[in-house]
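What follows is a short report on a single structure.
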Number of protein chains: 2
Amino acid sequence: MKPETRKEEIIKTAAKLFKEKGYSAVTMRDIATAMGIKAASLYNHISSKQEILKDIIISLAEAFTQGMQQIKTAESSTIQKVEAVVKLHVEITAQNTYGMASLNNDWMHLEEKRDYYLSLRSGYESDFRSILLEGIKRKEITNSNVEVMLFSILSTLRSLYLWIPKKEDVTPDTLSKSLSTVLINGINK
Amino acid sequence: MKPETRKEEIIKTAAKLFKEKGYSAVTMRDIATAMGIKAASLYNHISSKQEILKDIIISLAEAFTQGMQQIKTAESSTIQKVEAVVKLHVEITAQNTYGMASLNNDWMHLEEKRDYYLSLRSGYESDFRSILLEGIKRKEITNSNVEVMLFSILSTLRSLYLWIPKKEDVTPDTLSKSLSTVLINGINK
DNA sequence: ATAATCAACTAACAACTGTTAGTTTGGGAT
DNA sequence: ATCCCAAACTAACAGTTGTTAGTTGATTAT
């Protein structure tokens, strides 16, 4: 098996608790108890509660940014790019549903790294918006309200962390495909 | 003007702070300071911090449940029912974006009323699922994965509280219509 | 004028918070 | 055997938490 460091175990345990109750409601004693040790012992491995949150969120945010860079520079149709964005979200979320809860709900408690996170996030949204605008110009997607399309798709993808754990039998690949179908074609007959 | 009670002012102020930082990170002293009084003075009007959260969330949850009852018993097409659900969300959210943040993110801190909230929520989801299943049977909507359609639409509607404040110039009616268009027809040409 | 009510106040509480300092334990390398 | 070191421990801290008790001043009703 992979030799997981103690610090990584702490972060994983914390992420799970953060998903259940939110960052502020989880105490260092909660995290320690979940690991079977005392709160003070955590500080042999991490420097602060803040740092745990930062490690959870920033690595995920950077993974999304990096994934988007590849998608936007690829030579593919708009529909294919949207499908790639869906796949990116499903795959990252499927392998870290706990962390995604913090990314969505606890980023405001990042303090020093908060502005950095927000810049990654708005860059990501801008890139996605550009993909949709380009698709309209090229007449590859429908010419309706871009902001509404952007909002609708991103909201769905950002909520994946809540649904994936409830459908464990579905593989990421299957989910990506049915999700793309619904987002691209809607529910109309 | 409407004669707003002091208790209602407290709830409104608290909801605003809860949206920014989450229930657990907001202290009674934060709420009091935002109102220009001391924390202990709040207790002349409310009985506990818990009660504030309960008042915010339960009234909203019951409004959704009540709205859904009317939609499901109406004699209209599946598409019309989905449009009605969209409208229900847009209208409730538009007039209380702060409260909707608590409903989405802080319901786990409800304690005594938590189970009641969860029962309202799962009843609501069941009703919506039934509408979609009926639509497939009647061949009014596409026969793809119901759970994915349900998840996609509900995720978008539940995230409205984050987007409506950023587009103040859009009326609820206009938003409902463009949202319905995108959710029903997708983005494909 | 007097009484009652509302809504603020000060002071204090016991419990809990993140974190630090210093110490102990047990296994692996020398 | 001895040393080293990772990783646990106990004890304690200063600050913050929700909440209670009792008081005061202003407005309203009698």
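Order of the sequence lines sets the chain letters (A, B, ...), proteins ahead of strands, with each chain counted from 1. Note that the coordinates shown come from a computational prediction; the quantities given were computed from them, not determined experimentally.
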Using atom [atom1] of [X] as one end and atom [atom2] of [N] as the other, report the distance to the nearest whole Å.
X         : N       : atom1 : atom2 : value
Glu8(B)   : dA7(C)  : CD    : C1'   : 16 Å
Lys54(B)  : dG18(D) : NZ    : P     : 18 Å
Met35(A)  : dC9(D)  : CE    : C1'   : 15 Å
Met28(B)  : dA8(C)  : CE    : P     : 13 Å
Tyr43(B)  : dG18(D) : OH    : C1'   : 5 Å
His109(B) : dG18(D) : NE2   : P     : 12 Å
Lys49(B)  : dC16(C) : NZ    : C1'   : 13 Å
Ile10(A)  : dT19(C) : CD1   : P     : 13 Å

Over all strands shown, is Arg6(A) touching base, sugar-phosphate only, or nothing at heavy-atom distances under 4.0 angstrom?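 Sugar-phosphate contact only.
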When we call it a touch if two heavy atoms are under 4.0 Å apart, what does Thr27(B) touch: a base, just sugar-phosphate, or nothing?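 Contact class for Thr27(B): sugar-phosphate only.
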Short N-O contact, [X] and [Y], less than 4.0 angstrom:
X         : Y         : answer
Glu112(A) : Lys54(A)  : no
Glu51(B)  : Lys7(B)   : yes
Lys16(A)  : Glu20(A)  : no
Lys189(A) : Glu140(B) : no
Lys12(B)  : Glu8(B)   : no

Counting only side-chain heavy atoms from C-beta out, which of dT20(D), dT17(C), dT19(D) sits nearest to Ala40(B)?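 So the nucleotide nearest the side chain must be dT20(D).
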Side chain of Ala39(B) only, please: which of dC9(C), dT19(D), dC9(D) is the nearest?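 Ranking dC9(C), dT19(D), dC9(D) by closest atom to the Ala39(B) side chain puts dT19(D) first.
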For Lys38(A) and dA8(D), is the shortest distance between a side-chain N/O and OP1 or OP2 below 4.0 Å?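 So the side-chain polar atoms of Lys38(A) never come under 4.0 Å of the phosphate oxygens OP1 or OP2 of dA8(D).
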Under 4.0 Å: is that the gap between some side-chain N or O of Ser41(A) and OP1 or OP2 of dA7(D)?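 For dA7(D), neither OP1 nor OP2 has a side-chain N or O of Ser41(A) closer than 4.0 Å.
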When you match Gln50(A) and His45(B) each to their closest nucleotide on DNA chain C, which lands nearer the 5' end?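 The answer here is His45(B).
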With distance as the sole criterion, do the side chain of Asn44(A) and the base of dA8(D) form a donor-acceptor contact below 3.5 Å?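 When only heavy-atom distances are counted, Asn44(A) does reach the base of dA8(D) through a donor-acceptor pair under 3.5 Å.
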